[in-house]
Amino acid sequence: MSATDAGDMSRAAADARRADAESTGPVLAADGSPLKVSLNRALRAQKLRALMLIAPLLLFVLVTFVAPIIDMLFRSVENQIVSETLPRTVVALDDWDAETLPDEATYAALTYDFIEAAERRIHTRLGSRLNYETTGLSSMFRRSGRGVDDVGEEYADQFIDLDEAWEDPVAWAEMMASSDWLAAQSEWAATLEAEGEDAAGPEPLFQLSDGIRTLLPETADAYRSFARTVQQEDQDSPLEEEPWNSVYLALYRDLVTVPAASVVEYDGVGAEMLVAADTAVDGFETVDLRAVWEDMDDGWVEMPIWETIEAFSDPYTAGYFLAAVDLQLTPDGIEQQPDEQRIYLLLFQRTIFMSLVITISCILLGYPIAYLLSNLPLRTSNLLLILVLLPFWTSLLVRTSAWKVLLQNQGVINDTLVWLGFVADDARLALINNQTGTIIAMTHILLPFMILPLYSVMKTIPPSYVRAAKSLGATQWTAFWRVYFPQSVPGIGAGSILVFILSIGYYITPELVGGRTGTFISNRIAFHISESLNWGLAAALGSILLALVLALYWLYDRMVGIDNVKLG
Amino acid sequence: MDHKLPPYASTGHKIWFYGFRVICGLIFFFLIAPILIIIPLSFNAQDFFTFTPEMLRLDPEGYSLKHYRDFFGDDGYPWRGLLIGAVLGAGFAGAMWAWKGERYIVLPVLVGALFGLIVGKLWGLDGAEWMTPLRNSLVIAPMATLLSVSLGTLAAIGLSQTHVPFKGAIMAILISPMIVPLIISAAGMYFFYSRVGLQGTYWGVVLAHAALGIPFVIITVTATLVGFDRSLTRAAASLGANPVTTFFKIQMPLILPGVISGGLFAFITSFDEVVVVLFVGSAGQQTLPWQMFTGLREQISPTILAAATILVSISILLLTTVEILRRRSERLRGMSPG
C-alpha cells in the first residue's frame, strides 16, 4: 500500500468517526469520561509499565555495550592529541603559507609547547602518533625532548647578568601571580609546614595577575605554563623553582615588541625590574630560534614536520579511515600509500574471499545433512541432530585446539595419510598456519550455523510437492532441482548470511591456525590495539568492519527476521 | 527422498540412495570426529599429539592420567571441602525434614559434596597454572549470568506486552551484542573501560560478559513467552492475587525452562568467551579459555587436551540439560515434543 493510499484511508476513517460522533455523541466509559480518553489512559499505563520493565536492561546495555561502540567510532576520527599537546604552535600555523618554513614566532610557540610537553612527558606520545603519518618523527621528538630545555638559555643568562633578581623564583612569582593566588599559596605552605601533607591538600592552582597578562602576554602565558606544570607534575611550588629558559625567551620577545611607554606606565610588582630590562633589551645579543631547533634536529627546518602538524592540527581527522583503505593525507590532498604499505585493502579482500569460501563449503556440507535430517523420521533425526548440536555447544577453544592437533605436520591426519601411503613421509601436507588451516577449521566451527537454519526451512517443505512432481513424470533430479531446491533457497540465504557475518569478524581461530597468510582483518585490529598501539587505526578498521556486518545484518533481518533466530 | 528404499528401486536409484547416506556419514564424521578424537589423545602417556604405537596396540602402558594430574595440580583442599560440603548438605536435609517434613537426603548430600569438592579444590590457590584460570572462570561466569538473567527476564516480560513503544529499536539494541563481531566489541570495551577505569578489573569482565549474554536470555525468554497464555494471569488477578504473587506463582514456573536455558546460554557465552576477556581483563582475571588460548599460541602442551576433554564433558552435560528443558517447556505449553 502506498503512503497516499494510507493517508486517504485514515482520512476517510476520521471522517466517518466524526460523522458518527456528531450523530450519537461520544461513547462514554463507566466513569463518564469519553471511552477514547479512558482507553488511551489505560494504554499509556500499559506502555509505561512495559517500558519500566525494559528500562534497567536497556540502560545496562547502553552503558556497557553501546557506549563503548560509540566511543570506538569516535576514536576513529578523534585527533585531539596534536592540538592538545602543541596548542600554541597549531594557532601560530593558522596563517602559515605552507610554502616556506614558518616564521620565528611559530618556532617560539613550538618552544613553549614543547618544553611543557617534555616536562609532562607527553611529547613522545605525540611523536609516536605523528610517526604513523610521517616516519622518523618518533625519534625526532624523543631527541628534541632532551634538548628543548636549553632553548632560550642565552636570554636567561643575559637577563640574570643584568639583574640577579631575574634568577629569583620569588621575584618572578610575585611579578606574575595574582595577589589572591599568592595569599592562598602562602596559606597552603603554612598549613603544610604546620600540619603535614594530608591537612594541606593540593596546591592552589596558579593564577596570573591581570596587569601582567595585558602588558606581557607571551611571558605571562609561558610563566603560567611553567607554574602549573611544576605544580601538577612535580608537586612543587613555583615560588621555589627557577623558571624555564623558555620564559626568558618569552620575556625577551615581549620586551622588544611592547612599546617602552606602556612598560613605564606599569605599576605592578617588579615594575622597576621590567623598566630596567626593557631599556637593556635592545642591546641583547639575539638568537636565531630556527638555528637552535635545527641544532636539535635537522627535521625541524624541513617541510614534512610542519606539513604533518598542519595537516593533523584539526581535532578531527579522516586520516585513520584513509589509512584503513590504503590512502594517506598529504599536503597535496589524498594519495595512495606507497606500494609496500598497501596492506589493508588486500586484507579486506582476503577476509571477504575466505569468508566466501567458508560459506560455500558450509553450504556444500550443510545442505545434504539438513536434507537428510528433514526427511528422516522425527526420532532418528532428533538423534542425529545431537551430532550437529554437540559441536555447536562445544567450546570454540576446544574445537580450535582439536584442529591444531589434527592438522599439525606430525598430527593425526598427516600420520594417517602417510600410513595409508597417500603422501610420502618427507612430503607431509602443510595443513596449518596457512589459509587451508583457517578454512578447514572455520568450516567445521560454523557448519552448525548453516545446518540449523537450513533444517528449520526444509522441515516446512511439504513432501507432497516432490511426490506430485514425480507422479507427473519428473525424474528424481528434475523433481529435486525444479521443485524442492527452490523452496529451500530461503534457508540457504539465511544460513549463508549468518555464516558469512560470523566468519568475517572471526578472531580466535585465524589467530591460532591461520599463520601469516590465513589471518583476517580482525587479527590486524587486535594487533593495532595490543602491539602497535595505533588505536585510531584499529578503531577505523573496526568501524569499517562494523558497517559491513550491520549492512549484512540488515539484509538478514529483511530476509529472515531477527525473531526467527533459533538457538539449538 | 523417502527414508526407506522402495522395493521396486532401480540399481541407479539404489546406488544414489546408499551413496548419499555414505556422504552424509562422512560429513557427520567431519563434524564429530575432531571433538571425539581429542578424548583418547588426552590420555596419551607421552607428550605427543598423535597416537603412539603403544596406544594403537591398546597397550595400557601407552595411556596415563598424567595430563589430568597436570591440569588439576595438587593445590587446594578437595577432600576436606567434600567432607564439609557433605556434612552441610546432610545438615540442610535434616533441617528441611524437621521444618517441612521432606525426606530428601541423597540429593542435598550429593550436591553439597560436589560443591564442597569444587570450592575446596579452588580454595587458596597460589598461581596454579590451570586451576587459577578455572577459578576465575567459575567466579566471572555465574556473576555475569546472574546479571544478564535477572535484567533480561524482566525486560523480556516487558517486551512481550502488547503495546511497547519503539519495540523494534529496543530489540535491535538489546540483540546487538550478538551481532557485532566480538573483536569490535572487545576493541570498543577496551577503549571505553580504560577511560572509566574498569579495564583490568573483575567487574569490567563481568559487565562485559553480562552484556554479551543478554541477547541469548532475551531470545529464549521471549520465545517462551510467545506461548504463554495471558488469561492465566488474568485468572490469578480475578482470584485476588497481586501482580507480584501472580508473577512468582503463575508466570515464573511456566517460563522457568526458558529462563534456565537462557541462563545456560549466557553462562556458556561467558565461560567460553576469550576475545573480550583478552582485552578487557588483565593477568588477574585470566580465565580458562584465555589460558587455553595462550597455551595454543605459545607452547602447546598436551594438558590442553585434558582441559578440552573436561570441557567437552561439560558441554555434553549442558546440551542434555537444555534439551530436557526444551521438551519440558513444550510439554507444559501443550505443544508436541520434537
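Residue numbering restarts at 1 for every chain, and letters A, B, ... go by the order of the sequence lines.
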Which bit of A/Leu43 is near chain B, if near means a heavy-atom gap under 4.5 Å: side chain, backbone, both or neither?
side chain
Atom group of B/Leu288 that falls short of 4.5 Å from chain A, counting heavy atoms
neither
Do B/Phe265 and A/Trp393 have ring centroids that are under 6.0 Å from one another?
yes
What part of B/Tyr193 gets closer than 4.5 Å to chain A, counting heavy atoms only: side chain, backbone, both or neither?
side chain
A/Phe480 and A/Tyr367 aromatic ring geometry - parallel, tilted or perpendicular at 30°/60° bounds:
perpendicular
I'd like to verify something: which residue of A/Ile69, A/Asp415, A/Leu390, A/Ile70 has the highest number of heavy-atom pairs under 4.5 Å with chain B?
A/Leu390
Side chain, backbone, both or neither: which part of A/Gln410 has a non-hydrogen atom closer than 4.5 Å to chain B?
backbone
Check the angle between the aromatic planes of B/Phe267 and B/Phe271 and answer parallel, tilted or perpendicular using the 30° and 60° thresholds.
parallel
Angle class for the A/Tyr484/A/Tyr371 ring planes (parallel below 30°, perpendicular above 60°, tilted otherwise)?
perpendicular
Quick check for you: to the nearest 0.5 Å, what is the distance between A/Ile508 atom CD1 and A/Ile445 atom CD1?
10.0 Å
In terms of heavy-atom pairs under 4.5 Å with chain B, the winner among A/Ala538, A/Ala539, A/Gly505 is A/Gly505
Hey, which of A/Asn414, A/Val412, A/Ile413, A/Asn433 is the one that makes side chain to side chain contact (heavy atoms under 4.5 Å, CB included) with A/Leu407?
A/Ile413
I'd like to know if the side chain of B/Gln161 pairs up with that of A/Lys47 as donor and acceptor (distance under 3.5 Å, no hydrogens or angles considered).
no
Between A/Leu365 and chain B, with a heavy-atom cut-off of 4.5 Å, which part of the residue counts as in contact: side chain, backbone, both or neither?
both
Winner by heavy-atom pair count (cut-off under 4.5 Å) against chain A, out of B/Val196, B/Val180, B/Ile218, B/Leu212
B/Val180
With a 4.5 angstrom heavy-atom cut-off, which part of B/Ala208 approaches chain A: side chain, backbone, both or neither?
neither
Taking only residues two or more places apart in sequence or in another chain, which ones pass salt bridge (charged side-chain N to carboxylate O under 4.0 Å, His left out) with A/Glu511?
B/Arg297
Working to the nearest 0.5 Å, report the span between CE of A/Met450 and CG of A/Leu502.
10.5 Å
May I ask you to name which of B/Leu26, B/Leu154, B/Leu41 has the most heavy-atom pairs under 4.5 Å with chain A?
B/Leu154
For A/Leu447, is it the side chain, the backbone, both, or neither that has a heavy atom closer than 4.5 Å to a heavy atom of chain B?
side chain
Supply the atom-to-atom distance B/Thr269 OG1 to B/Ile214 CD1, rounded to the nearest 0.5 angstrom.
11.0 Å
Chain B contacts, top residue of A/Leu51, A/Leu48, A/Ile525 (heavy-atom pairs, under 4.5 Å)
A/Leu51
Which answer fits B/Ile268, side chain, backbone, both or neither, if we ask what part of it has an atom under 4.5 Å from a heavy atom of chain A?
side chain
Within residues 59-67 of chain A, contacts to chain B at heavy-atom distances under 4.5 Å involve A/Phe60, A/Val61, A/Leu62, A/Val63, A/Thr64, A/Phe65, A/Val66, A/Ala67
In terms of heavy-atom proximity below 4.5 Å to chain B, should A/Trp403 be classed as side chain, backbone, both, or neither?
side chain
Given a strict heavy-atom distance threshold of 4.5 Å, which part of A/Leu512 is in contact with chain B: side chain, backbone, both, or neither?
side chain
For A/Arg49, which atoms come within 4.5 Å of any heavy atom of chain B: side chain, backbone, both, or neither?
side chain
Tell me, for A/Ile451 versus chain B, whether the close heavy atoms (under 4.5 Å) come from the side chain, the backbone, both or neither.
side chain
Value for OG (B/Ser185) from CE (A/Met72), rounded to nearest 0.5 Å, stands at 8.5 Å
